[in-house]
Amino acid sequence: MPSVTLDRFILENEHAHPGATGELSELLMRFGVAGKRIARELAVAGLAKELGTAGTTNVSGEQQKKLDLLANEILLEAFDYGGLVSTAASEEMEEPYIYTRNAEKGRYAILFDPMDGSSNIDVNGTLGTIFSVRRRQLGGDADLLRSGREQVAAGYILFGPATLFVYTSCEGVHLFTLEPSIGEFLLTKRSVRMPARGKGYAANEGRSAGWPASVRAFTEWLKEKDPEMGRPYSTRYSGSLVADFHRILLEGGIYYYPPDSSTGKSRGKLRLLYECHPLALVADQAGGRASTGLEAILDVVPESLHARVPFAIGSMAEVALYERFVRNEAPS
Ligand code: FDP
């Protein structure tokens with residue numbers, strides 16, 4: 001049984017950095033606490049009649065589920081004391097939440113997608129919380145509308161058969177598993193490396209009629225028979241980005257959500273600040289890559305808080321190929 005808890009691991013890493021204030025450590029540990037609370041709510045949601053829609057829509061016009069809102073509340077509350085965070089922005093809130101007592105002194109701004117893959121809520125499927133941490137600069141939205149390279153930490157909590165906490169503070173990616181009987185995340189894998197090449201792809205191919213021809217051609221290429229090159233690839237798509245990304249982190253491969261003209265999503269579906277930047281940092285730190293097809297996701301600066309972006313993430317080999325297709329440089 002592993003015995004290094006998330007808190008101990010974070011604190012030991014902090015001690016390796018003389019001069020660290022300990023605030024980032026505290027902040028990451030609070031994401032851990034929020035993750036445990038959300039996991040607990042998910043475990044009993046069906047019994048407590050907390051499944052189903054809340055009767056509201058978010059800024060992107062999507063129906064909010066009761067658990068989207070509950071997870072959002074839990075995360076906001078986790079940072080409501082201690083003076084660490086000045087601002088929290090969430091996929092579920094139109095405007096950022098300002099912690100008024102800390103607006104001037106909190107050194108960090110946090111961003112999150114509280115319940116990713118919410119179509120899985122009502123069927124007991126895998127879900128996730130994605131988070132990103134930035135330094136507060138001048139305060140206000142301008143601090144958030146910046147490149148993904150300015151994130152100081154990012155990660156996700158995966159609610160599956162086990163609850164996992166995966167994070168990076170730009171020194172590798174580390175994976176923890178919740179041991180429910182003691183209520184602690186225990187270190188399961190230090191310095192996770194994503195395989196340079198995989199065997200699977202994750203995409204909602206049912207929507208391919210609305211994709212750019214280049215992405216359709218990439219998908220057809222993945223399905224061609226070519227045993228020497230490891231083709232055909234297998235499809236694995238769960239409807240939860242965190243779940244699909246986690247598989248790819250461990251086994252390699254590619255997830256993509258391209259522009260979709262059939263549903264009017266000309267910039268794709270996924271939100272840059274709450275989903276793409278944080279997972280791109282995790283991928284980058286694990287030796288993988290995330291791209292719009294034309295540029296690295298980490299380099300993209302959003303025009304607005306809820307901006308969407310075409311997204312491909314995964315192993316170096318598959319993401320590089322995706323980019324070649326998008327640039328019309330497909331292998332012959
Ligand atoms: P959801 O809207 O259910 O929260 O973030 C959006 C996301 O899920 C991803 O987790 C998932 O990969 C994707 O959207 C699913 O969208 P489609 O139903 O269009 O495939």
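First listed ligand is number 1; within each ligand, the first listed atom is number 1.
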Query raised in the report: What part of Asn204, side chain, backbone, both or neither, has a heavy atom within less than 4.0 angstrom of ligand 1?
Result: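 Side chain only; the backbone of Asn204 stays clear of ligand 1.
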
Requested in this report: Tell me, yes or no, whether the heavy-atom count around Arg190 atom CZ, taken from other residues, nucleotides or ligands under 6.0 Å, exceeds 12.
Outcome: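 Not more than 12 within 6.0 Å, no.
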
Query raised in the report: Is Asn204 atom CG crowded by more than 12 heavy atoms from other residues, nucleotides or ligands, each under 6.0 Å away?
Result: yes

Query - Salt-bridge criterion met for Lys269 and Glu275 (N-O under 4.0 Å) - result: no

Query raised in the report: Is a salt bridge present between Glu150 and Arg134, judged by a nitrogen-to-oxygen distance below 4.0 Å?
Result: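 Looking at Arg134 together with Glu150, the answer is no, because their closest N to O distance does not fall below 4.0 Å.
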
Give the residue, atom name and distance (to 0.1 Å) of the protein heavy atom nearest [atom].
atom: atom 20 (O) of ligand 1; result: Tyr237 OH, 2.5 Å
atom: atom 12 (O) of ligand 1; result: Tyr255 OH, 2.7 Å
atom: atom 14 (O) of ligand 1; result: Lys269 NZ, 3.0 Å
atom: atom 6 (C) of ligand 1; result: Glu275 OE2, 3.4 Å

Query raised in the report: Going by the order shown, which atoms of ligand 1 are within less than 4.0 Å of some heavy atom of Tyr257?
Result: 16 (O), 17 (P), 19 (O), 20 (O)

Report task. Output the list of atoms in ligand 1 that are nearer than 4.0 Å to some heavy atom of Leu270, sorted by atom number. Result ->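 Those qualifying, in numeric order: 5 (O), 6 (C).
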
Query raised in the report: Can Arg207 be said to touch ligand 1, with heavy atoms closer than 4.0 Å?
Result: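 Arg207: in contact with ligand 1 (<4.0 Å).
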
Requested in this report: Could you tell me whether Arg289 sits above the aromatic face of Tyr322, with NZ or CZ closer than 6.0 angstrom to the six-membered ring centre and within 45 degrees of the axis?
Outcome: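 Here Arg289 fails the 6.0 Å and 45° test against Tyr322.
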
